[in-house]
Amino acid sequence: MFSNFFLKSFRILLFPLALLYGAIVLLRNWLYDRGWMRSVSFGLPLICVGNLSVGGTGKSPMVEYLLTRLKSRYRVATLSRGYKRKTRGYALANTSSTALEIGDEPMLFHRKFPEVPVAVGEERLVAIPQLLHDRPDTQAVILDDAFQHRPIKAGLNILLTDYGNLYTRDFFLPTGDLRDSRSSAGRAEVIVVTKCPAGLTLAEKEALRREFAPRSGQHLFFTSIAYGAAYHIVTRQFSSIDEHTEVLLVTGIANPRPLKTYLEERVQTYSMMHYGDHHIFSIDDWREIRDRFAALEGPKKIILTTEKDAMRLLKFENELAGLPFYVLPIEHRFLFEEGTQFDSIVYTFIQEFKKPG
């Protein structure tokens, strides 16, 4: 509690830097909005999934949600920056790709959807033509975490915001978590409030609608987190987690709070090893995890991690095979039975897409 108070106090002291950062962001957006800096459109549907803040808002599960629904209808591909990978430039995932080469999130997409072209590239303006050269039959591209990448103009922007850290109540970095202006939300065709309580009421929904005040034609949706069955990181066999399970939680994600809540509701006790977001696990980290697990005394004990973390831990596959090391999948669940409406917006955008004149 003291550390959180100190961190908040320190961030308030950085308010002048936040004002400077905000001014730079506003100027950049103004230049794009006035046409002084150009955004380029492409001759196929581009769907952008992004947010306004740093930290986890559920972008990867949203990309997976879209891939699940689109891959049987269209030849769809994904393009990510490949954050924290050890390579640079454009790359298209193949059977020998690793998380170190393409990043943990693209590796997760490639592993779960092997039939889908998964590409990475910091300069998306350059990477899209390269992707289309490699896969000329591509009919639509999902741009992962590209809302701030204004050199490209996507046709459908899906903006995510965490229920526990709404952009409407946030401020610029480093005092707050915003990396873009709140007014930039006006560029989105769809806003999704993620990680909502599953029991969000209609009154709460309407209060949030008034707070967001979506513009005419802008759609607002609400999702909660749904966790799937835990599966072994190597064998992919499923296992149940109940009150008798002693869990060592290993995470390197921005916001582990929902995962901690999930465990608190299901097990009596658990311990946690929390690393930085997109942490590259070293051999020393692995030894520390292994030793910490060995010290647990419960008769039914497991190690649990997220799917993104698993992509960075698979390099220890030989050691992992002999341990009860499990992965917990996550997905978006649309509230108020509005998932069909969301899907229809995406389908209609692709079906009615017209090339820029």
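In this chain, residues are counted from 1 in sequence order.
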Can a salt bridge be assigned to the pair R111 and D104 using a cut-off of 4.0 Å between side-chain N and carboxylate O?
-> no

Out of curiosity, L52 CG to D180 CG, how far, rounded to the nearest 0.5 Å?
-> 5.5 Å

So, for Y163 and F222, is the gap between ring centers shorter than 6.0 Å?
-> no

Ignoring hydrogens and angles, tell me if any N or O in the side chain of E331 forms a donor-acceptor pair with the backbone of A226 under 3.5 Å.
-> no

Please state whether the rings of F171 and F15 are parallel, tilted or perpendicular, taking 30° and 60° as the class boundaries.
-> parallel

Can you name the nearest heavy-atom pair linking L108 to K308, along with the distance?
-> CD2-CG, 4.0 Å

Any donor-acceptor pair under 3.5 Å linking the side chain of S39 with the backbone of R150?
-> yes

Is a side-chain N or O of D309 found less than 3.5 angstrom from the main chain of G252, in a donor-acceptor match?
-> yes

Assign the ring pair F316 / W286 to parallel, tilted or perpendicular, where the plane angle (0 to 90°) is split at 30° and 60°.
-> parallel

Compute both the distance and the angle, then confirm whether K205 meets the cation-pi test with F336: under 6.0 Å from the six-membered ring centre, within 45 degrees of the axis.
-> yes

Is the H279-F281 ring centre distance short of 6.0 angstrom?
-> yes

Where the side chain of R312 meets the backbone of A99, is there a donor-acceptor pair that is under 3.5 Å apart?
-> no

Determine whether the aromatic ring centres of Y74 and Y347 lie less than 6.0 Å apart.
-> no

Axial cation check for Y65 ring with R69, 6.0 Å and 45° limits | yes

Taking only Lys NZ, Arg NE, NH1 and NH2, and the carboxylate oxygens of Asp or Glu, determine whether K300 and D242 approach each other closer than 4.0 Å.
-> yes

Check for a donor-acceptor pair, side chain of D285 on one end and backbone N or O of S282 on the other, with a separation under 3.5 Å.
-> yes

Can you tell me if S181 uses its side chain to pair, donor with acceptor, with the backbone of S183 under 3.5 Å?
-> yes

Please answer whether the main-chain N or O of I253 pairs with a side-chain N or O of H274 as donor and acceptor at a distance below 3.5 Å.
-> yes

Are F113 and I47 joined in one hydrophobic group, where the rule is that I, L, V, M, F, W and Y side chains link up if heavy atoms are under 4.5 Å apart?
-> yes

Salt-bridge test for E64 and K112: reply yes if a basic N is under 4.0 Å from a carboxylate O, no otherwise.
-> yes

Are S80 and D144 linked by a side-chain donor-acceptor pair shorter than 3.5 Å?
-> yes

Donor-acceptor contact below 3.5 Å, side chain R182 vs main chain T168 | yes

Taking the side chain from E122 and the backbone from A127, do they hold a donor-acceptor pair closer than 3.5 Å?
-> no

